[in-house]
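Here's the structure we're looking at; comments come further down.
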There are 2 protein chains.
Amino acid sequence: MNSFTEENYLKAIYKLQEQSSEGVANSDLAKALGVQSASVTAMLKKMAQKKLINYEKSKGFRLTDKGKQIAVNIIRKHRLWEVFLVEKLGFGWDEVHEIAEQLEHIHSEALINRLDVYLGHPKADPHGDPIPNANGIFAKSKSILLSETEKGMQGKFVGVTDHSPSFLTYLDKVGLSLGDTISVKSIEDFDKTYTLQLKGKKEITVSNKVANSLLIAG
Amino acid sequence: MNSFTEENYLKAIYKLQEQSSEGVANSDLAKALGVQSASVTAMLKKMAQKKLINYEKSKGFRLTDKGKQIAVNIIRKHRLWEVFLVEKLGFGWDEVHEIAEQLEHIHSEALINRLDVYLGHPKADPHGDPIPNANGIFAKSKSILLSETEKGMQGKFVGVTDHSPSFLTYLDKVGLSLGDTISVKSIEDFDKTYTLQLKGKKEITVSNKVANSLLIAG
DNA sequence: ATCATAAATTAGATTAGTCTAATTTTTTAT
DNA sequence: ATAAAAAATTAGACTAATCTAATTTATGAT
Ligand SMILES: [Mn+2]
Ligand SMILES: [Mn+2]
Ligand SMILES: [Mn+2]
Ligand SMILES: [Mn+2]
C-alpha cells in the first residue's frame, strides 16, 4: 500500500504530465506540492525504485502505467467523494475540495465501488471534472473556454478551470450554475468583457478573467 | 491537529480506562495497540506534554478532559461512519469496522455534523454501541449479557460485546439480528447452553460463549 | 566557447513513530 | 526481608518525509 504522501506525489505528477507530453520537472512538482526541491529528489528516487515513475535524465520524469493507474484511482475517489458531499450531504461546491483531499486516501475498493453505485455512477464531479470509471477510463468530453467563443454562440456551462472557493462563490453570487444554458449577447471590444444571456432568465456581464475559467459545451 | 497515531492512542486509552476507575497500564496499552512498551513510554511523554493525559506515578495514567473529549469525538465519527456504511451503502455489519478505522480520522466538524443529520441522528451503531452526541454525551443504556439471564426471560437483542467478523457472520448464519425479540426457552445445566425462541419464529440453540457476547435489554 | 543563471542533486539535520536490548523500578512470593 | 518476576524506562538505532546549505549539472546568452 502507498502512503498518503506518495499518493499525493502520484496525483500531482499525473496532473502535471497531462499538461504536455514532456517529462515533468522536479521544480514544477516541488511547487505543486509546496515542498523543497531536495525533498522531491529524495522521494523520486524511492518512487523510481518502486517502478512508479520513469526518469529520463535531464528530460524529467513520467508515471509508469502502474503509477498512472494509482493516480487515476485517487482522482476517481476524490471526485466521487465530492459528488457525495454535494449531492447527499448538501455541501456547496466551494466547500468540498479540502474534505475530498482527505477522503481520497481511504483504502477500500469495496467502499469506492459501493459509493459509485450509491451515487448512480456519476460521470462528472460538482465542478464538471470527469470521473474515471473503475478501469480508469475517462469519458471524453469536448468543451471550450467561454473566452474562446464568439458573439451569438449558445452552449451549456459544463465546467470550471478555476476551482478556488472565491471563484466558485462568485459564480453562486451572480447566479451561474453548472448545466446552465447560456448565450453570448456581446463581447466588449475594449477589454473582452462578456455579456451573457442565462436561459431566458437574467442577463449578466462577466470579465474576461471569468470567461477564461468557464468551460462550455456545444 | 492530532496525528492518526495520536488519535489511535487516545481512543485506545479511552477504551481501557472506561473498564475501571484505575489508571491504565503501559503494558495494556501496548498490547491494545500492538506496539512495544518502549514506544508507548515515548508517546506518553509527548501526550503528557500536550496535556492529553495525566500520569500518576506507578498508578498508570488517564486522559485529561481535553484528551477524553478528542477520544469521544473519534468514537462518534467511527460509529456514525459505520451507520453510513451499513444503512446507506449496504455493507454487512461484519465488514465495516476496518473501513471506519480509517474514516474516523477525517478532520472536518462540518462533515460529521452533516453526516449525523443525513443519518437521522442515530443513537447506536450497527453493533448496538451508543453514539455520543456532538457534546460527547452518550445515551445511557441498561443492558445485560444474555448469559446472565434466567430461563423464561424475554428481552430484545440490542448489542454485541464481540465485534469480530467471525462472530458477526455466525449470528447472520443462525438468523440473529440486532433488535430481535428473544426469550430463553431453556438453559442446559451441563454447559449453560441457551435455547432461545426468536420472536414467534424459529428456535435456536447457542453456546454459553455466544450467550456471553450478546447484550439484552428488558 | 565562456560565463551566468537556473535546476537538480548531495550532504547533513530534524521530527514522528517505531524497534531491540539493557537497565531500573515495582510488585509478588516465599 | 529478600529474591524472583513483571513492568516500565532508557539508550541507541532505524525509516519516512522533510528541511537548509553546499555542490554539481544543465541551459542559455553573449
Ligand atoms: Mn477537488
Ligand atoms: Mn472537483
Ligand atoms: Mn467498529
Ligand atoms: Mn461498531
Nearest-angstrom distance from the residue atom CZ of A/Phe61 to P of C/dA8: 8 Å
Rounded distance (Å) that lies between atom P of C/dT26 and atom OH of B/Tyr55: 13 Å
Separation of atom CD in A/Glu6 from atom C1' in D/dA16, rounded to whole Å: 10 Å
Length of the line joining B/Phe4:CZ and D/dA17:P, which is rounded to integer Å: 14 Å
Distance test, side-chain N/O of B/Thr41 to OP1/OP2 of D/dA8, below 4.0 Å: no
Distance, nearest 0.5 Å, that separates NZ of A/Lys11 from CG of A/Leu16: 11.5 Å
Contact nearer the 5' end of DNA chain C, comparing B/Ala38 with B/Met43: B/Met43
Residues A/Lys209, A/Asp162: salt bridge by 4.0 Å N-O rule: no
Sugar-phosphate, base or nothing in reach of A/Ala42, heavy atoms under 4.0 Å: base
Closest-nucleotide ordering on DNA chain C, the 5'-leading residue of B/Gln36 and B/Lys46: B/Lys46
Protein-nucleotide distance (B/Asn2, atom CG; C/dG17, atom P), rounded to Å: 10 Å
Spacing between A/Leu52 atom CG and D/dA16 atom P, to the nearest angstrom: 14 Å
Whole angstrom value for the distance that separates P of C/dA7 from NZ of A/Lys31: 8 Å
Parallel, tilted or perpendicular, as decided by the 30° and 60° cut-offs, for the rings of A/Phe61 and A/Tyr55: perpendicular
If you look only at distance, which donor and acceptor atoms sit under 3.5 Å apart when one is on a side chain in residues 27-41 of chain B and the other is two or more places apart or in another chain?
{"residue": "B/Ser37", "atom": "OG", "partner": "B/Asn26", "partner atom": "OD1", "Å": "2.7"}
{"residue": "B/Thr41", "atom": "OG1", "partner": "B/Asn26", "partner atom": "ND2", "Å": "3.0"}
{"residue": "B/Thr41", "atom": "OG1", "partner": "B/Ser37", "partner atom": "O", "Å": "3.2"}

Which residue lies more 5' along DNA chain D, comparing B/Lys45 with A/Tyr9 via nearest heavy atoms: B/Lys45
Sugar-phosphate, base or nothing in reach of B/Ser37, heavy atoms under 4.0 Å: base
Phosphate OP1/OP2 of C/dA8 contacted by A/Ser27 side-chain N/O (<4.0 Å): yes
Rounded distance [0.5 Å steps], NZ in A/Lys192 versus CG in A/Asn208: 8.5 Å
Touch class at under 4.0 angstrom, heavy-atom based, for B/Thr5 against every strand present: sugar-phosphate
Nearest-angstrom distance from the residue atom CE of A/Met1 to C1' of D/dA16: 17 Å
